[in-house]
Structure formats: C-alpha cells, structure tokens
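Encoded as structure tokens, the structure appears first; notes follow it.
In what follows, every chain begins at residue 1, and chains take the letters A, B, ... in the order their sequences are listed.
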Amino acid sequence: MGTAKLLSAIHFRPIPFIVQNSLQKLQIGKTQYKPYPKSLRNLATDLIKSYFQKGLTEEAHKLFDEMSERDVVTWTAMISGYTSSYHHTRAWTVFCDMLRNGVEPNAFTISSVLKACKKMKSLSRGTLVHGLAIKTGTKGSLYVDNALIDMYGSCDSMDDASMVFEDINAKNCVSWTTLIAGYTHNGDAYSGLQLFRRMLLEEAEANPFTFSIAVRACTSIGSDILGKLVHAAVICHGFESSLPVMNSILDMYCRCGCTSEAKQIFLEMSQKNLITWNTLIAGFERLDSKESLYIFSQMESDGFSPNCFTFTSVVAACANLAVLYCGQQLHGGIFRRGLNNNLELSNALIDMYAKCGSITDSHKIFSEMSCTNLVSWTSMMIGYGAHGHGKKAVELFNEMVRSGIKPDKVVFMAVLSACSHAGLVDEGLRYFRLMKSYYNVTPDQEIYVCVVDLLGRAGRINEAYQLMETMPFKPNEAAWVALLGACEAHRLPSTVKLSALKVLDLKPNRVGTYVMLSNLYAAVGKWGSFANLRKLMRGTGDKKEAARSWIELKNQVYSFVVGDNIVFQNGQVHEVLELLVIHMKEAGYVPNLDSFLHDLEDGT
DNA sequence: CTAGGGTTAG
C-alpha cells in the first residue's frame with residue numbers, strides 16, 4: 001500500500017485503529033525484508049506530520065503512543081508538530097521524554113526544540129538546549145546555530161545571539177537576517193541597521209526577507225531618511241518586485257508621515273494585494289482619516305474584499321471623524337461578512353460608538369463579545385469616562401480585575417481620567433495609591449499629569465501643585481497645561497499667570513497659552529499687558545486655528561466656526577443648533593463670554 | 001523531522 005494512498009484514505013476520517021491495522025499488515029513482511037521496519041517508521045512519521053498539518057494533534061499523539069518503535073525522526077516529528085501548532089509546552093515535554101528514553105537528539109531535533117523555547121520565551125530552557133547542542137556535536141549545523149540566534153534574540157539576550165552569530169564561519173542569509181530581526185524586535189533598530197550595513201559591505205547575499213526587516217528597522221526608528229536609503233538599496237538589488245518588501249516600504253512611509261511618498265509608492269506598485277491596501281488604509285487612518293475612507297471605497301471598486309484588518313482601520317477612522325452613520329454602515333458590512341467575532345475589530349467598534357456619542361451601542365458590543373482582552377475593557381472604560389459615567393468606569397475596572405485580567409498603565413489612565421471628569425476625586429486618588437502598592441504598576445509622567453488634572457478640575461489646586469513639586473519628574477508642558485486649565489476654570493488669576501509663564505517657558509509657541517494669559521490681563525483690566533501679549537502672539541508665527549465644531553445630520557457632516565452663517569449652509573442645521581442652545585439653557589448652562597468679548601475687540 | 005519577512009485595537 002502506497003503512503004499517498006494511505007494518507008488520502010484517512011484524510012477526512014482519521015481512524016487510528018485502521019492505520020494500526022495497516023501497519024500490522026505491513027509488519028508481516030518484517031522477517032522477510034530487512035528494510036521494512038525503517039519504512040514503517042517513515043510511514044508513521046509521515047502520518048504524524050500529516051495529522052499535525054491538518055490540526056489533528058490528538059490523533060498524532062494517539063498514533064505516536066501506539067507505535068512500538070520510535071526513532072529520532074519520529075520524536076522530532078512530534079516536537080516540531082507541537083511547536084508549529086502552538087503547543088510549545090507539550091513540545092518541550094516530548095523532548096524531555098525523548099531524552100529520558102535515551103534517544104540522542106540530532107540537528108533537526110535541536111532546532112525544533114529551540115523554536116519551542118523561543119515561543120515560550122524561556123531563556124533558561126534555551127540555554128540548556130544550547131549546552132546539549134555542544135555536547136551532541138550538533139552545534140555547528142547552520143540550522144542549529146541560526147535557531148540559537150533566533151531563540152536568544154526572542155529571549156532578549158542579544159549579546160548571546162551576537163556571540164553565536166560571530167562564531168559561525170559560513171554565515172548564510174538566514175543568520176544575518178535573524179540577527180538583524182533580533183535587534184529590531186528588541187527595540188535596538190540602530191544596531192540592526194548597522195549590521196545590515198555590514199552585511200551589504202561584506203557583500204553577503206541578501207534576499208527579500210533581509211530587506212523587509214531592514215525597512216522595518218527604519219520604521220521603528222521613525223526615520224524616513226534612513227528608510228529612503230534602504231529603499232534605494234532595495235532598488236539596487238532588484239527587489240522592487242517583491243510584494244512583501246514593497247508593502248513594508250509603504251508602511252514605512254505611512255508611519256513616518258510621508259504622505260506623498262506613500263501615495264506615490266502605492267500608485268507605482270505594479271502588483272498589489274489585500275495587505276497593500278490595508279497598509280495604506282491603516283496608514284491614512286492615522287494621518288488623514290477622511291482620506292482613508294476614500295481609499296477604502298476605491299479598494300472596493302478595485303475588486304478587493306475587505307477583511308478584519310481593513311475594517312479595524314476604517315472603523316477607527318470613523319471614530320476619529322465622529323461620523324456615526326458611516327460607522328453604522330461599516331458595522332452592517334462587518335456583520336454581513338461574519339467578521340463580528342473578531343476581537344480587535346470589536347474593540348475598534350466599542351471605541352467608535354463611544355466617540356460617536358452612542359455609548360449604549362459600545363456597551364452592547366462589549367457585553368456580546370465571546371472573549372475580551374485588556375483593550376476591550378479599557379476602550380469601554382474610556383468611553384464611559386468621556387460620557388461622564390465615572391462610576392460605571394470604576395465598576396468596570398473592578399469587574400475586570402475580578403475576571404483575572406491584570407491592569408496596565410493605560411487602564412489606570414482611563415480610570416483616573418473617568419474619575420477626573422466625574423468629580424470622583426477621592427476615588428481616583430485611591431486608585432492612584434493602589435496602582436503602586438497593590439497592582440505593582442509604576443506611575444509614569446503621564447499618570448502624574450492625570451492626577452494633577454484630577455485634583456485641578458476639582459479645584460484642589462494647592463494639592464495639584466504640591467504633587468507636581470514632589471513627583472519624581474520635572475513637570476513637563478502637559479502637567480503645567482493641566483494646572484493652567486484648572487486655574488482658569490476656577491478663576492485663580494495669580495496661579496494662571498504662574499503656570500502660563502511656565503508653559504510658555506517650556507513651549508514658547510503655544511498660542512493657546514497666550515490667549516489664556518491675555519484674557520486674564522483683560523479680565524483684570526491690565527490693557528497694556530494685554531496689548532503687548534497680543535503683539536507677541538503674532539510674532540510667534542504660530543496662528544491659532546479657529547475652534548471648529550461639527551454636527552452630523554442625515555448622513556452629512558457640517559462643520560462651522562464662530563461667525564459662520566449656518567443658515568446659508570443648511571437651514572436644518574441651523575434649526576438643530578438653535579434647539580441645542582435651548583436645551584443647554586434649560587439645563588442651566590451659562591456660557592462664559594469673558595474671552596469672547598476681547599476676541600471681538602481684537603477683530604478676530 | 002530543521003532556521004528568517006509584510007497589515008489590526010485602548
């Protein structure tokens with residue numbers, strides 16, 4: 001019976017005992033023909049491999065258990081099967097069993113188990129295997145050495161990775177690429193690029209893999225200048241035809257903010273795939289959300305079908321633009337395509353609905369998710385915070401902790417900001433203390449700014465100022481801006497002046513600060529200082545953009561600034577705005593017209 | 001039976 005035939009027979013309905021029968025039948029010939037046992041094992045190994053490829057790990061395990069004779073190849077097939085199907089710990093267990101059974105590992109085994117160590121991020125086990133590789137003489141095989149580089153690189157041990165690399169006398173392309181990737185993934189992209197340069201100088205053979213990781217290194221540094229150099233090298237080596245390489249170049253230009261370069265590359269690319277479109281759409285979501293929606297419509301008319309990556313970006317674009325109707329339409333498309341179970345996409349939808357003002361829809365998505373992660377909870381809490389439901393955000397935090405998810409820095413920023421906007425000062429301060437003492441998260445500068453804001457908004461300016469003095473950082477611009485806003489809101493002219501001057505010291509061109517300060521001078525009748533400051537402001541060359549508001553009405557977004565005659569744009573918009581003003585007055589809102597008057601005098 | 005690369009969220 002041929003292997004192929006046997007394999008196809010069990011393809012759809014794997015029944016191990018049938019296989020076992022077949023194997024036993026084959027064993028009849030064992031006494032007559034010596035080579036049979038070996039081919040028998042080969043056949044079983046082929047089966048194991050085939051089971052793993054189909055994702056049938058249990059079947060592979062059963063067959064392995066039923067085998068009377070196993071050689072290195074069989075053991076290795078199990079190890080590499082488990083490793084490539086994300087059962088790293090089981091791969092390790094099999095490896096240990098193998099050693100206990102007295103089977104000596106070969107180069108195949110060692111590189112497979114090193115991959116498992118890499119996935120487990122276990123430096124201790126990886127180092128153990130390194131020693132074993134030396135003992136068994138398998139170190140020296142390029143496969144083993146390259147796997148060692150990769151393992152050390154993934155376990156944040158770049159010195160060891162580099163040592164193994166330098167020890168190889170016949171380095172190949174994989175050796176170079178793996179080490180470059182190691183540096184880049186460890187946040188040391190400069191060393192990665194330095195190595196890449198050395199590689200080109202030594203005229204080692206580079207392939208598309210090498211170039212895409214080099215481009216990625218430039219992206220993580222955020223340097224389009226280096227990126228352009230690598231791009232030139234790509235052209236010199238004739239890898240412009242490689243789609244992965246061009247996709248990473250496109251990503252690099254997007255993330256470095258080079259809008260026109262990104263567009264040009266995209267237009268010039270002779271072949272594009274879904275990843276190409278997704279990269280461009282994701283890039284423009286960050287740079288120009290409106291444009292990313294336009295690109296999305298082009299993609300569909302170009303015959304590409306969006307996947308969850310695509311939708312995640314365009315949903316985020318809707319969140320940035322606060323266009324609810326558009327977001328709802330996308331949500332419909334997501335549902336039709338059955339993508340509504342994707343974790344990242346659901347997280348983006350939570351954020352979108354919250355930013356578009358529909359917090360109930362955010363919660364509906366959140367509550368219907370089959371699995372959630374830290375980001376899901378955080379998005380929901382940020383949504384509640386922005387809608388003024390500080391209590392709900394805090395409740396959610398406690399529920400999250402109870403469900404066994406460990407909070408990180410961003411969650412605490414969400415809690416603190418929610419407390420700040422809901423006036424839950426003491427609650428916020430309690431979490432700030434627990435953050436260090438109980439959750440073991442070290443507060444950074446951004447967290448301190450949140451707490452300054454928390455105290456400031458509540459009018460506890462002195463405490464806010466004290467915290468700024470005692471925090472382990474020199475107060476940055478953001479901290480002073482938070483204090484400045486608080487002082488202004490609580491009408492404390494002397495502290496406004498102090499903090500405004502501090503902000504100007506740290507960021508001389510911040511026009512908003514000049515505006516606040518000049519309004520302050522005007523309020524106390526110091527017209528001379530007021531005029532001086534306004535003059536200074538013009539000298540900064542940084543113009544304050546007029547504050548823009550917008551309203552979405554019947555699938556159309558209308559934006560306007562002070563003084564726009566909205567009746568001309570659309571009578572209905574005007575009506576809606578009038579209604580809003582009535583509601584606001586009913587709710588007791590008294591507009592602050594202090595600064596408004598001065599702006600009129602200034603003629604702006 | 002063995003090694004390296006391209007797109008997603010707070």
Side-chain angles (χ1 to χ4, degrees), chain A residues 41-42 45-46 48-49 52 71-81 83-84 105-115 118 138 141-151 153-154 172-182 184-185 206-216 219 239 242-252 254-255 273-283 285 307-316 319 339 342-352 354-355 373-383 385 408-411 413-414:
Chain A
R41 279 201 300 267
N42 286 350
T45 309
D46 279 348
I48 289 174
K49 199 186 157 191
F52 275 119
D71 59 4
V72 211
V73 184
T74 322
W75 284 98
T76 307
M78 286 303 290
I79 295 167
S80 81
T83 307
S84 42
N106 61 16
F108 290 83
T109 326
I110 298 291
S111 43
S112 299
V113 79
L114 280 172
K115 195 173 176 176
K118 164 203 164 155
T138 48
S141 145
L142 248 189
Y143 279 97
V144 169
D145 289 349
N146 290 342
L148 278 169
I149 297 173
D150 194 28
M151 182 276 295
S154 303
N172 70 359
C173 191
V174 179
S175 327
W176 287 95
T177 311
T178 309
L179 191 63
I180 296 172
T184 308
H185 296 321
N207 64 9
F209 285 68
T210 326
F211 279 98
S212 47
I213 191 66
V215 173
R216 221 183 135 64
T219 311
F239 287 122
S242 160
L243 198 47
V245 172
M246 292 318 288
N247 284 343
S248 57
I249 288 180
L250 181 65
D251 185 49
M252 182 272 295
C254 286
R255 284 180 199 263
N273 61 7
L274 188 55
I275 294 178
T276 317
W277 283 97
N278 286 349
T279 306
L280 191 70
I281 290 171
E285 180 266 310
N307 66 3
C308 40
F309 283 82
T310 329
F311 277 118
T312 305
S313 296
V314 283
V315 166
L339 297 172
N342 179 272
L343 176 65
E344 287 77 15
L345 189 44
S346 299
N347 291 347
L349 282 168
I350 293 174
D351 189 49
M352 184 275 291
K355 291 204 171 121
N373 66 3
L374 189 61
V375 179
S376 327
W377 292 83
T378 316
S379 308
M380 200 60 236
M381 286 164 62
I382 288 173
D408 71 349
K409 196 201 95 185
V410 189
V411 187
M413 286 184 55

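- Remark: A:Asn347 engages A:Asn373, A:Ser376 in a side-chain hydrogen bond (donor to acceptor under 3.5 Å, both in side chains) (not counting sequence neighbours).
- The distance between atom CG of A:Leu179 and atom P of B:dG5, rounded to the nearest whole Å, is 13 Å.
- At a cut-off of 3.5 angstrom, the base of B:dA3 holds no donor-acceptor pair with the side chain of A:Asp145.
- Residue side chain A:Asn207 reaches the base of B:dG4 through a donor-acceptor N/O pair under 3.5 Å, judged by distance alone.
- Distance from the side chain of A:Asn373 is smallest to B:dA9 among B:dG10, B:dA9, B:dG5.
- Side-chain proximity of A:Pro244 to the nucleotides B:dC1, B:dG10, B:dG5 is greatest for B:dG5.
- One can place CG of A:Asn273 at 13 Å from C1' of B:dG5, the figure rounded to the nearest angstrom.
- A donor and an acceptor atom sit less than 3.5 Å apart, one in the side chain of A:Ser111 and one in the base of B:dT2.
- Nucleic acid contact for A:Ala181: none, since no nucleic acid atom lies under 4.0 Å from a heavy atom of the residue.
- Comparing B:dC1, B:dG4, B:dA3 by their nearest atom to the side chain of A:Thr178 picks out B:dG4.
- Between the base of B:dG4 and the side chain of A:Asn172 there is no donor-acceptor pair shorter than 3.5 Å.
- With a 4.5 Å cut-off on side-chain heavy atoms, A:Met151 and A:Lys115 do not count as touching.
- The CH2 atom of A:Trp377 sits 19 Å away from the P atom of B:dG10 (whole-angstrom rounding).
- With its ring centre under 5.5 Å from that of the base six-membered ring and a plane angle below 30°, A:Phe209 counts as stacked on B:dG4.
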Steps toward side chain to side chain contact (heavy atoms under 4.5 Å, CB included) verdict (A:Leu339, A:Phe311) | CA-CA 9 Å; A:Leu339 297 172; A:Phe311 277 118; 3.6 Å; yes
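- In this structure, the nucleotide among B:dC1, B:dG4, B:dT7 sitting nearest to the side chain of A:Arg216 is B:dT7.
- The interatomic distance linking A:Trp277 (CH2) with B:dG6 (P) rounds to 22 Å, in whole Å.
- The main-chain N or O of A:Ala354 is never found under 3.5 Å from a side-chain atom of A:Asp351 such that the two would form a donor-acceptor pair.
- Contact annotation for A:Val215: no contact, since no heavy-atom pair falls under 4.0 Å across all strands.
- Donor-acceptor pairing under 3.5 Å, judged by distance alone, is present between the side chain of A:Thr76 and the base of B:dC1.
- Listed pair A:Lys118 / B:dG4 meets the phosphate criterion, a side-chain N or O lying under 4.0 Å from OP1 or OP2.
- At whole-Å resolution of the value, CD1 in A:Ile149 and P in B:dT2 are 19 Å apart.
- Using a 4.0 Å cut-off, some side-chain N or O of A:Lys115 falls inside it from OP1 or OP2 of B:dA3.
- Ranking B:dA3, B:dT7, B:dG10 by closeness to the A:Val174 side chain, first place goes to B:dA3.
- B:dT8 atom C1' lies 9 Å from atom CZ of A:Arg255, rounded to whole Å.
- Comparing atom distances between the A:Thr177 side chain and each of B:dA3, B:dT8, B:dG4 picks out B:dG4 as nearest.
- Of all nucleotides listed (B:dT2, B:dG5, B:dG4), B:dG5 comes nearest to the side chain of A:Ser212.
- Listed nucleotides B:dT7, B:dG10, B:dG5 differ in distance to A:Ser242; the shortest reach to its side chain belongs to B:dG5.
- Judged by distance alone with a 3.5 Å cut-off, no donor-acceptor contact links the side chain of A:Ser379 to the base of B:dG10.
- Qualifying side-chain contact (heavy atoms from CB on, under 4.5 Å) partners for A:Asp408, counting only residues two or more places apart in sequence or in other chains: A:Leu374, A:Val410, A:Val411.
- A side-chain donor from one of A:Thr76 and A:Thr109 sits under 3.5 Å from a side-chain acceptor of the other.
- The listed nucleotides are B:dT2, B:dG10, B:dG5; the one nearest the side chain of A:Ser80 is B:dT2.
- Looking at the side chain of A:Asn342, the nearest of the listed nucleotides B:dG4, B:dT2, B:dT8 is B:dT8.
- Looking only at atom types and distance, the side chain of A:Asn146 has no donor-acceptor partner in the side chain of A:Thr178 under 3.5 Å away.
- Following rounding to the nearest Å, A:Leu250 (CG) and B:dT8 (C1') show an atom-to-atom distance of 15 Å.
- Atom P of nucleotide B:dG6 and atom CD1 of A:Ile213 are separated by 6 Å, given to the nearest angstrom.
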